[in-house]
Protein chains: 2
Amino acid sequence: MGTANAISADLIAVLVAVTAGCPRVLTIRDGLALPSGRFEPGHRSLQAGLRAWVEQQTRHPLGYVEQLYTFADGERISQAGHRAISISYLGLTRQGSGETCGSAIWHDWYRYFPWEDHRGGRPEMIELLLGPRLRGWADAPGERAARHQRGQRIAINFGLDGHTWNDELVLQRYELLYEAGLVAAAGKAMEADHRRILATGIARLRAKIRYHPVVFELMPPDFTLLQLQRSVEGIAGRLIHKQNFRRLIEQQALVEETGEIATATGGRPAKLFRFRRQVLDDRAVAGAKLPVVRA
Amino acid sequence: MGTANAISADLIAVLVAVTAGCPRVLTIRDGLALPSGRFEPGHRSLQAGLRAWVEQQTRHPLGYVEQLYTFADGERISQAGHRAISISYLGLTRQGSGETCGSAIWHDWYRYFPWEDHRGGRPEMIELLLGPRLRGWADAPGERAARHQRGQRIAINFGLDGHTWNDELVLQRYELLYEAGLVAAAGKAMEADHRRILATGIARLRAKIRYHPVVFELMPPDFTLLQLQRSVEGIAGRLIHKQNFRRLIEQQALVEETGEIATATGGRPAKLFRFRRQVLDDRAVAGAKLPVVRA
DNA sequence: CGTATTATACTCTTATTGAGCATAATAGGA
DNA sequence: TCCTATTATGCTCAATAAGAGTATAATACG
C-alpha cells in the first residue's frame, strides 16, 4: 500500500431544480463543469462528503440524493500514474431565492441536450442536423451487417422509421452521438465526462418519476396541478394529456387540497395542492407512479 | 496528496447463476463472504478489474455485469486512518460444468434470506419467528407516533395487515431486520456488509427481470418455457401463472423454437427454445418485460 | 357581453393483465 | 389396453389501466 496503490475519489453532483417547468442543473466554471469535490478521510460517508460541499454552493437542502455511477478515469482517458475514481450523484432541490453563490449557475439542461426536448414536437435539429450526419456515419462501414446495425440503433434511439421516441434513452443517444463524433455538433460542451454524467442523471430522473413520487422534491410546498404537470413535462421532455394526468394523481391520492385557490394565471382559478408526505411511508419505496405515457 | 488522503478501492461481486430454478450466488470462505478484490492501477477500468479476478474464480464468462452501489467503509463501521471504498457489482453467469475452483462455492441465495422465498407460499418463519419479534421491536418506543410508523413499515415490507408481498423490497426488509436487531435470528450470516450487498443484488435482479431480458443470461442456450419460467420464479421468489407467462414471452417474440423437442420430464414433451439475441439490438435497453405479477 | 384561457368532470375505446377452462401428448402402472 | 398422473399448449373472460376526446365551469380582459 505504498503510493503506487494510492487513488483518490471525487464526488460529482448532478443537482437539479425545476423553475416554471424548466429543468435546470447547477454548474460551475461558466456552465462548463458540474460541481465536484474531493472525498476526504474526514467525511463521515460519501453522501456526507457530497452534502458538505453542496451546501457551499446552494443554501437549499438536498431533498433527495441518489447515487448514479462510479467509474475510474482512464476508462475513457488513459492516464499514467495516479488513478482517480469518480462517484456521481443525482440531487434534487428547490431553486428558491438565495442561490447562485459564487460561480455556480443554474442552466437549462436542454442547453446541453437540445435534441431531448420534445415538448414542442420533435426538434427540427434532429431531421435537419443530426439525422443526416448520423446516416452518414451509419453508411461508413464496409460490411453490410455493421451498416444495418448502426442504422437500427439510430432508428430506435432517435425514434425514426416508425419507432417511437423513448425519452429514457438519454444516455444511449449521447453515447451514439459520441461514437459518431457528433457531440460537438449540437449542444453546449462540458469538461471531461461531465456531459455524459449529466445525461446519466437526466435519464435516471426521467425513469424515476414514472414510478416514484420524486417530482415533489422539486415543487414548492403548494402548487396547482398544472404546475405539477409542467414540471413532469419539463423533466420528461414531452407533453402529457392534462385530464389523464389529473386522474392518475388524484386516484393515487398523492396530493391533498390546501383549501386555497391560486391567484388566477389567465383562466379559471385553480385549487392549490400539497404533497401528502405520508405516501412516502405508506408505499415505502414502491408504487406511486406518475404518468408520462409509455409508447 | 500525502498518504493522509490515500484511499483504496475494493471491487465486490454478487455473482449469480441459476440451476434448475434455484438461484445461487458465488461465495468464498465457506459461504461467509462475497468474492472481492482490490482495484489496482494496472486495471484498465473498474469492470476490467472485476472481470480480471472473477475469471480466477469461475471459468465462465460474465454475460452481464451491472454496477450496484459504492460506499465508503465507516458508513457503518467507523474506522480510524486509512479509508476504503467498496464498489459492488451484480454479475450474471451460467453455472456450467467446471467451476468451484479453490474455495469458491455456489450457495442457494435463500440460505441467506429464507424469508424471501414465497414459491411455496409465505414462509412459516415470518408468522412464527420474525413477525412476533418485529412486533416486539415496533412496540418498544415511548412515543405513539414512532410505534405506529414502525408498525406501518413492518406491514408494508412484509406484506402483513392486508398489504401484498412486494418481492422487490429485499433490501428494505433486510435493513428493517437489521435495525430491529434480528439479522442474526434467521438466515446465514456473512462478513462485514456482504449480506447487505447481496440483498442489494437480489433486489436489483428482481426489479430488472421485469423489464429487461436478463434472465436469458442465466439460461443454457436451449431451454423449455417451463425451465425459463422456473428460473424467473426462482429469482422472484414467487410462482407465476403458466399460461400467462407463455403468452407474454411469445407475444414479445423473445424466443424462437430450435425445432427440437425436450426429452420428456414426466409429461408431454416440450418444444425447445432459444433466446433471440437480436432483441437486444431491437429494443435497445428498453422494453422486453417479463411477467412476475405486480400486486 | 363576447372571447380567450385555464380548470374540472365524464365518457369511450383499446390494451394489458389476472385467472381459469379445455385439450393435447407423453410415461407408467393396473 | 386403459386409466392416471403430468406437463404442454390453446383459448376465453373479466377487471383494470391507459390513451384520447367531449363538455362544462370559472375567471380576466377587452
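Proteins get letters first, then strands, A, B, ... in listed order; numbering begins at 1 in each.
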Worksheet item: Under the ring pair (Phe, Tyr, Trp, His ring centres under 6.0 Å) test, which residues partner A/F275, sequence neighbours left out?
Response: A/F216
Worksheet, complete the sentence: Taken to the nearest whole Å, CD/B/Q252 to C1'/C/dA15 is 13 Å
Worksheet item: Got a donor-acceptor pair under 3.5 Å from the side chain of A/Q243 to the base of D/dT22?
Response: yes
Practice prompt. Please state whether the phosphate of D/dA8, meaning OP1 or OP2, lies under 4.0 angstrom from any side-chain nitrogen or oxygen of B/K242.
Written response: yes
Item to complete: Using whole Å, report how far CZ of B/F245 lies from C1' of C/dT17.
Response: 15 Å
Practice prompt. Please state how far atom CD in A/E250 lies from atom C1' in C/dA7, giving the value in whole angstrom units.
Written response: 11 Å
Fill in: Of the listed nucleotides D/dA8, C/dA9, D/dT9, the one nearest the side chain of A/R246
C/dA9
Worksheet item: A/R268 has a side chain; which of C/dT6, D/dT7, D/dT9 sits nearest to it?
Response: C/dT6
Item to complete: Test for a donor-acceptor pair under 3.5 Å between the base of D/dG10 and the side chain of B/R247, counting only N and O atoms.
Response: no
Worksheet item: Are B/F113 and B/Y174 close enough that their ring centers fall under 6.0 Å?
Response: yes
Worksheet item: Using a distance-only test with no angle check, is there a side-chain donor-acceptor pair under 3.5 angstrom linking A/Y64 and A/E217?
Response: no
Fill in: Side-chain heavy atoms of A/L134 within contact of A/L177, under 4.5 Å
yes
Fill in: Between C/dA24 (P) and B/I261 (CD1): distance, integer Å
17 Å
Practice prompt. Could you check how far CG of B/N244 sits from C1' of C/dC21, rounded to whole Å?
Written response: 13 Å
Worksheet item: Between C/dA7 atom P and A/H241 atom NE2, what is the distance in whole Å?
Response: 14 Å
Fill in: Length of the line joining A/I240:CD1 and D/dA17:P, which is rounded to integer Å
19 Å
Discussion item. Does B/L226 reach a base, just sugar-phosphate, or nothing at all? Heavy atoms under 4.0 Å.
Written reply: sugar-phosphate
Practice prompt. Send over the distance from A/F223 CZ to C/dA7 P, rounded to a whole Å.
Written response: 14 Å
Worksheet item: Do NZ/NE/NH1/NH2 and the carboxylate oxygens of B/R204 and B/E66 come within less than 4.0 Å?
Response: yes
Practice prompt. Could you work out which one of D/dG21, D/dA8, D/dA18 sits closest to the side chain of A/L248?
Written response: D/dA18
